[in-house]
Colleague: 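If you scroll down you'll find the structure; I have some questions about it.
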Amino acid sequence: MNNSFKTRDRGGRDRFQKRSDRNYGGRKRFGGHIGGGAKRGRFHAKTISHDKFINKNPTAQIEAVYTPAHAFSDFGFHPTIVSNLAKKGYKNPTRIQDESIPHILAGRDVVGLANTGSGKTASFVLPIIEKLKKKQTLETALIVVPTRELAQQIQFEFRQFSDGMRLYSAVCVGGLNIYPQKKDLRRGPNVVIGTPGRLKDLINQRELRLENTTTLVLDEADRMLDMGFLPDVTFIISKLPVKRQSLCFGATITPEISRLLQKMLIDPVTVSVRTSETGEHIAQDIIRARTGEEKMQKLTDMLAQDDFEKVLIFGQMKHSVQKLADLLSKMGFPAVAIHGNKSQPQRQRALDMFKTGKVNILVATDVAARGLDIPNVSHVINFDPPNTHEEYVHRIGRTGRAGKPGQAYTFVG
Ligand code: AMP
């Protein structure tokens, strides 16, 4: 990483165990908050065995060598979709696309078990565009997602794949002014993409009408329920026509999801492509640090290494994540933060800066980072440990995507 704290030490992980006499202004004041967070209260690191944070022999990523059974041309998509696929540079379907698209096109309800990074967005977006175009009716689709960023990401893909097809979409998410969203809905979009709370508000205000919504997608369903959205999701589903196609994507099926699926799906096909979910292809290690000060020291030692090109740091609390980003920036490691206390435009700006490489360090809470597709993250650092193993796997899955190598480090006390 290009900054004034570059170190010459290239001697492997031991370098992080060293103490240094360098004095970073502000570190002392800060150390107590972030370092202490990992040791106290319900976020105690010891709930997960440290062994789970170590993988010194990463395997090759299986997804990278997948040979699809179909070509995109086999799906019989509208010629504009075909040309938009080519424009976007998609040559062959990914495994989730290969295995789920035929069922979705056939009108079946589908449960897709796939992580972000597997290409699952196109798995449902392409058949929805095909269906809407073919029927040329008033029918609409509703895509429910856990985070605002994911909604925007899906709309971006929808627009690219439906370019020139006169299909319109609206994003309805919390944290943004509701009035432009109402205006968008009054134009009668073909697809509405939104987060549960805002969608519920808009339904209650009779701005979002679902009588003609014949396709429902729940994306990142497991995250959505983790975040406590079950009542809102159940409410939304109750407002949909009974005769509809329902699709549900997520990384795991918890008992809670299973109960929801039993109520919302009819004779579903399950497609599971969770090959990289274990993070086996990601090199993982722990970093021991007892005090907040020691953590900061080791973190900055790492960030100073050349190979830490694009680093995603996870912290537990909204305020500590912001403080860490501010402190790193002050210390010569420009960083941005995303967390729930930021307004939606601020979150989007931070994410764009990280995605486009204007800033190479993003500090995030789990909630803010859910479902994001950020290319080329070289390292994930768990500055505060995750609460569950599943959360851990999700975090480290932000690196090592699309067949690239990835590395993850977790601070332990
Ligand atoms: P997703 O899991 O939908 O977030 O997709 C992960 C990344 O893979 C995104 O950057 C997509 O644009 C990309 N992607 C999805 N499907 C394909 C494909 N068939 N060929 C090439 N790239 C793809």
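We count ligands from 1, going down the list as the structure has it; atoms in each ligand are counted the same way. Computation of the quantities below employed the complete heavy-atom set of this structure, encompassing side-chain atoms and omitting hydrogens, waters and symmetry-equivalent molecules.
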Colleague: Considering the heavy atoms of F72, write down every atom of ligand 1 situated less than 4.0 Å from one of them.
Modeller: 19 (N)
Colleague: When you look for heavy atoms under 4.0 Å from ligand 1, do you find them on the side chain of F124, its backbone, both, or neither?
Modeller: neither
Colleague: Going by heavy-atom distance to atom 5 (O) of ligand 1, choose the closest among P68, G89, G119.
Modeller: G119
Colleague: Does an N or O from A122, backbone or side chain, lie closer than 3.5 Å to an N or O of ligand 1?
Modeller: no
Colleague: Is there a polar contact, in the sense of an N or O pair closer than 3.5 Å, between Q97 and ligand 1?
Modeller: yes
Colleague: Are Y392 and F53, when compared by the centres of their aromatic rings, separated by less than 6.0 Å?
Modeller: yes
Colleague: Hey, which atoms in ligand 1 end up nearer than 4.0 Å to a heavy atom of T94?
Modeller: 16 (N), 17 (C), 18 (C), 19 (N)
Colleague: Quick one: are the ring centres of F235 and F229 less than 6.0 Å apart?
Modeller: no
Colleague: Does ligand 1 come near enough to K91 that some N or O of the ligand is less than 3.5 Å from an N or O of the residue?
Modeller: no
Colleague: Pairs of donor and acceptor atoms involving the side chains of residues 121-130, under 3.5 Å and at least two apart or interchain, shall be tabulated with distances.
Modeller:
from	atom 1	to	atom 2	distance (Å)
S123	OG	G119	O	3.4
S123	OG	K120	O	3.4
E130	OE1	H78	N	2.8

Colleague: Does N92 reach ligand 1, in the sense of a heavy atom lying below 4.0 Å from it?
Modeller: yes
Colleague: Check ligand 1 against T121 and write out every atom of the ligand that is under 4.0 Å from a heavy-atom position of the residue.
Modeller: 1 (P), 3 (O), 4 (O)
Colleague: Under the 3.5 angstrom rule, does the side chain of K310 hit a backbone N or O of I361 as a donor-acceptor pair?
Modeller: no
Colleague: Holding to salt bridge (charged side-chain N to carboxylate O under 4.0 Å, His left out), I want the full list of residues that pass it with D98, two or more places apart in sequence or in another chain.
Modeller: none
Colleague: Parallel under 30°, tilted from 30 to 60°, perpendicular over 60°: which one fits the rings of F161 and Y90?
Modeller: perpendicular
Colleague: Give a yes/no verdict on a cation-pi contact between K298 and F411, requiring under 6.0 Å between NZ or CZ and the six-membered ring centre and an angle within 45° of the axis.
Modeller: no
